Protein chains: 2
Amino acid sequence: MPDAESRFREYLSAKGLGATDQRLAILDEVMSLHRHFEADDVHARLRQKSHRISPATIFRTLALLVESGIVQKNPCEQMVGRYEHVFGHQHHDHLVCLACGRIIEFRNGPIERWQQKVAEEHDFQMAGHHLIIRGYCSRCR
Amino acid sequence: MPDAESRFREYLSAKGLGATDQRLAILDEVMSLHRHFEADDVHARLRQKSHRISPATIFRTLALLVESGIVQKNPCEQMVGRYEHVFGHQHHDHLVCLACGRIIEFRNGPIERWQQKVAEEHDFQMAGHHLIIRGYCSRCR
DNA sequence: ATCGCTATTGAGAATCACTTGCAACACGAT
DNA sequence: ATCGTGTTGCAAGTGATTCTCAATAGCGAT
């Protein structure tokens, strides 16, 4: 498996973009963070190492890393700030169409049961869950 | 089953809060929206009916509706603005602790397979998915 | 009816997390 | 050296939400 840096360099040159010091420093930092992080975490850690990279550059580079598939952003973006009334409704999960934004609701017993099992395995007291399947709906595929 | 309004009134009086016109108008609007919505949708629709309710009140009331369990907010809030590097990692899902914010990763084959099945049932081309189980971890429960 | 108290509201300022505009700069090609 | 495009930092702009605060409403006590 090639390392992340080669892959990023490849992606950048394929796009005609430069592998600048800032971009590589950010990649480095990102790969050294072994849990979920926010843009600001990267900024703070780089600052500690006396790199002077502006937040704007962090955001711009993270976007490149996401595009190149090295980094994944919170995958429920389209649900942010959304509500739904649940009163009188049964629990359900969602299929979200990446093309038209349509949201389809569904219910599936076996998945629910397996989730309970996973929670138990991790000694985790489940309070709720949310499953989002992203893709393309019948109208858009 | 009691209607949503009774339930909301009950919740409000239990909390010593008033069932004001604004709150009831917002509840009404929310219950008439049969898909996911944002605070601004409620505001726009109320404005059309020439209710003059400020956005601040909409947000305040939505918070009450969430607390009372009538409305559910996007359940991946804690993941917003978070990234993780995925290069060289296998796909996994997340357990999120509501108390300490800890995020535990897990993989589960049967769930993955059932998801594929659900997508097929809805003639949906799956591009990815994300499953979040919320609850309390072993340290916090 | 009037008073006094707390709850509630609207307006606008503040905040937070990004994003964008822009001028300065870097660097390979000419 | 010059040009041209790509990059960056700074600072201003955004959009969604939250906060502050003064005005108002509602309700029980007088």
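Below, read A as the first sequence line, B as the second, and so on, with proteins coming before strands; counting in each chain starts at 1. Worth saying up front: this structure is predicted, and the values here are computed from it rather than measured. Excluded from the calculations below are hydrogen atoms, water molecules and symmetry mates; all remaining heavy atoms, backbone and side chain alike, are included.
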For B/G16 and B/A56, find the nucleotide of DNA chain C closest to each by heavy atoms; which residue's nucleotide sits nearer the 5' end?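 Here B/G16 is the residue nearer the 5' end.
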From [options], nucleotide with atom closest to [X] side chain:
| X | options | answer |
| --- | --- | --- |
| A/Q22 | D/dT17, D/dG9, C/dT8 | D/dG9 |
| A/T20 | C/dG10, D/dT7, C/dT9 | D/dT7 |
| A/R60 | C/dG21, C/dT19, C/dG10 | C/dG21 |
| A/I53 | C/dC18, D/dG9, C/dA11 | D/dG9 |

Atom-to-atom span, [atom1] of [X] to [atom2] of [N] - whole angstrom:
| X | N | atom1 | atom2 | value |
| --- | --- | --- | --- | --- |
| A/L17 | C/dC27 | CG | P | 16 Å |
| B/E38 | D/dG15 | CD | C1' | 11 Å |
| B/L24 | C/dT8 | CG | C1' | 13 Å |
| A/L12 | D/dT7 | CG | P | 8 Å |
| B/I58 | D/dT18 | CD1 | P | 13 Å |
| A/L64 | C/dC18 | CG | C1' | 16 Å |
| A/H51 | D/dT8 | NE2 | P | 12 Å |
| A/L62 | C/dT20 | CG | P | 15 Å |

Donor on one side chain, acceptor on other, A/H130 and B/H130, under 3.5 Å: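 Checked: A/H130/B/H130 side chains show no N/O donor-acceptor pair below 3.5 Å.
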Establish whether B/I133 and B/I103 are linked, either directly or via other cluster members, by ILVMFWY side-chain heavy-atom contacts under 4.5 Å.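 Not linked; separate clusters.
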State plainly whether the residues A/E5 and A/R9 are in salt-bridge range, i.e. N to O under 4.0 Å.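 Result for this pair is yes, salt bridge flagged.
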Do NZ/NE/NH1/NH2 and the carboxylate oxygens of B/E112 and B/R107 come within less than 4.0 Å?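 Between B/R107 and B/E112 there is no salt bridge, as every charged N stays at least 4.0 Å from the carboxylate O atoms.
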Sort out for me which residue in A/H51, A/R45, A/H43 forms a side-chain hydrogen bond (donor to acceptor under 3.5 Å, both in side chains) with A/E29.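 Going through A/H51, A/R45, A/H43 one by one, the side-chain hydrogen bond (donor to acceptor under 3.5 Å, both in side chains) with A/E29 is satisfied by A/R45 alone.
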Less than 4.0 angstrom between a side-chain N/O of B/T57 and OP1 or OP2 of C/dG10, yes or no?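 Answer is yes, contact under 4.0 Å.
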Whichever of B/D21 and B/F59 has its nearest DNA chain D nucleotide further upstream toward 5':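 Comparing both residues, the 5'-ward one is B/F59.
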